[in-house]
A.B. asks: 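Pasting in a structure now, in structure tokens, and then I'll have a few things to ask.
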Amino acid sequence: MDRRALLKTLGGATIAAPMMAASGGAAACEASAMVAARKGSAVAQADGPTAAILLYPGFSAVDVASARQMLESHGASNVVLLSAGPPTAAVRSDIGLAIQPDAAMEAAGKADMLFVPGGAGARAAMARADVMAFLSGHGRAARKVAATGDAALMVRKAGIIGAKIARDGEGGSITSALFA
């Protein structure tokens, strides 16, 4: 069973719980403070490394949840969710879970790290000129760019060089890519 089948079986609860918990209490206050501190930029100048995660319709929710947790646990002082659509509208994932972005991708400042999740909507996002322009500009400016699934194709098409792409088994699907 692959990760998407498992997630659909569990109904998305595995990844939804941490994000729902973060939507209230102290976490919500902290997020509001970060938004206020941005002063017009979706990526604040923070004491440590900053990271941006791009959300587009049909992104993989499990990829986003995993990446956000990994980035925060490895020292990213500010992880921002950027929308490839309206900044105030939640973006629906491949399993129907909608996640509220912090800002639109057009409002993004420079991030040290950029993560692009895979998902059923990756190929449609790759056909959008605005998404590709964002990836090209922000991907080249970031110190590290990572992608999972078909998003690795998006990042490669955006012209970010040095791709190391891992595959599932022999000639299987792309699982991840790290661009230096």
Side-chain angles (χ1 to χ4, degrees), residues 7 12 14-46 48-122 124-126 128 130-135 137-139 141-152 154-155 158 176 179:
L7 191 58
T14 304
I15 61 150
M19 292 191 160
M20 284 190 234
S23 68
C29 292
E30 182 179 308
S32 295
M34 284 194 313
V35 170
R38 290 190 188 117
K39 297 180 184 167
S41 173
V43 179
Q45 299 304 318
T50 57
I53 299 175
L54 182 64
L55 305 179
Y56 55 85
F59 69 90
S60 170
V62 71
D63 290 354
V64 169
S66 299
R68 184 173 189 140
Q69 182 177 16
M70 186 275 308
L71 289 165
E72 288 176 346
S73 69
H74 284 85
S77 58
N78 186 17
V79 179
V80 178
L81 300 175
L82 300 174
S83 172
T88 58
V91 184
R92 190 163 299 282
S93 73
D94 59 348
I95 59 167
L97 179 67
I99 297 179
Q100 183 67 41
D102 296 310
M105 65 183 176
E106 295 84 8
K110 182 180 180 289
D112 296 308
M113 296 168 272
L114 174 62
F115 176 72
V116 186
M126 186 167 40
R128 290 180 46 190
D130 60 336
V131 171
M132 297 312 295
F134 169 82
L135 289 176
H138 285 77
R143 288 186 307 148
K144 295 284 182 188
V145 177
T148 54
D150 285 348
M154 291 170 59
V155 175
S176 63
F179 299 82

A.B. asks: Might you point out which heavy atoms bring Gly119 and Asp94 nearest each other, and give the distance in Å?
C.D. replies: CA-OD2, 4.4 Å
A.B. asks: Quick one: pull up CD1 in Ile99 and CZ in Arg92 and give me the separation to the nearest 0.5 Å.
C.D. replies: 11.0 Å
A.B. asks: Just by distance, do the side chain of Ser83 and the backbone of Ala103 share a donor-acceptor pair under 3.5 Å?
C.D. replies: no
A.B. asks: Got a donor-acceptor contact below 3.5 angstrom from the His138 side chain to the Lys110 backbone?
C.D. replies: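 Looks like no, no N/O pair under 3.5 Å.
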A.B. asks: Spell out, as yes or no, whether a donor-acceptor pair under 3.5 Å connects the side chain of Ser66 to the backbone of Asp63.
C.D. replies: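 Judged by distance alone, no pair lies under 3.5 Å.
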A.B. asks: Any side-chain heavy atom of Leu97 within less than 4.5 Å of one from Phe59?
C.D. replies: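 Counting from C-beta outward, Leu97 and Phe59 never come under 4.5 Å.
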A.B. asks: Under the side chain to side chain donor-acceptor pair (under 3.5 Å) test, which residues partner Glu72, sequence neighbours left out?
C.D. replies: Arg68
A.B. asks: Would a 4.5 Å heavy-atom cut-off, applied to side chains only, mark Ile53 and Leu82 as touching?
C.D. replies: no
A.B. asks: Treating Asp150 as the side-chain partner and Ala122 as the backbone partner, does any N or O pair qualify as donor plus acceptor under 3.5 Å?
C.D. replies: no
A.B. asks: Taking side chain as C-beta onward, heavy atoms only, is Arg143 less than 4.5 Å from Pro49?
C.D. replies: yes
A.B. asks: Partners of Ala76 by side chain to side chain contact (heavy atoms under 4.5 Å, CB included), sequence neighbours excluded?
C.D. replies: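 Per chain and number, Ala76 pairs via side chain to side chain contact (heavy atoms under 4.5 Å, CB included) with Ala51, Leu71, Val79, Met113.
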A.B. asks: Do Leu54 and Leu81 have side-chain heavy atoms sitting under 4.5 Å apart?
C.D. replies: no
A.B. asks: Using every non-hydrogen atom in the two residues, find where Ala84 and Val131 come nearest and quote the distance to one decimal.
C.D. replies: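 Taking Ala84 first and Val131 second, the nearest heavy atoms are CB-CG2, 3.9 Å.
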A.B. asks: Taking all heavy atoms of Met154 and all of Ala125, pick out the closest pair and write down the distance.
C.D. replies: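 The answer is CE-CB, 3.9 Å.
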A.B. asks: Any chance the side chains of Thr50 and Asn78 put a donor and an acceptor closer than 3.5 Å?
C.D. replies: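 Absent: no donor and acceptor within the cut-off.
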A.B. asks: Would you say that Tyr56 contacts Pro117 through its side chain, given a criterion of any heavy-atom pair below 4.5 Å between the two side chains?
C.D. replies: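 When only atoms from C-beta onward are counted, Pro117 and Tyr56 do touch, with a gap below 4.5 Å.
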A.B. asks: Which heavy atom of Leu135 sits nearest to which heavy atom of Ala158, and what is that distance?
C.D. replies: CB-CB, 3.7 Å
A.B. asks: Closest approach of Ala90 and Ala98, non-hydrogen atoms and distance?
C.D. replies: CB-CB, 3.8 Å
A.B. asks: Does any part of the side chain of Val64, heavy atoms only, come nearer than 4.5 Å to the side chain of Ser60, both counted from C-beta?
C.D. replies: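 No; the side chains remain at least 4.5 Å from each other.
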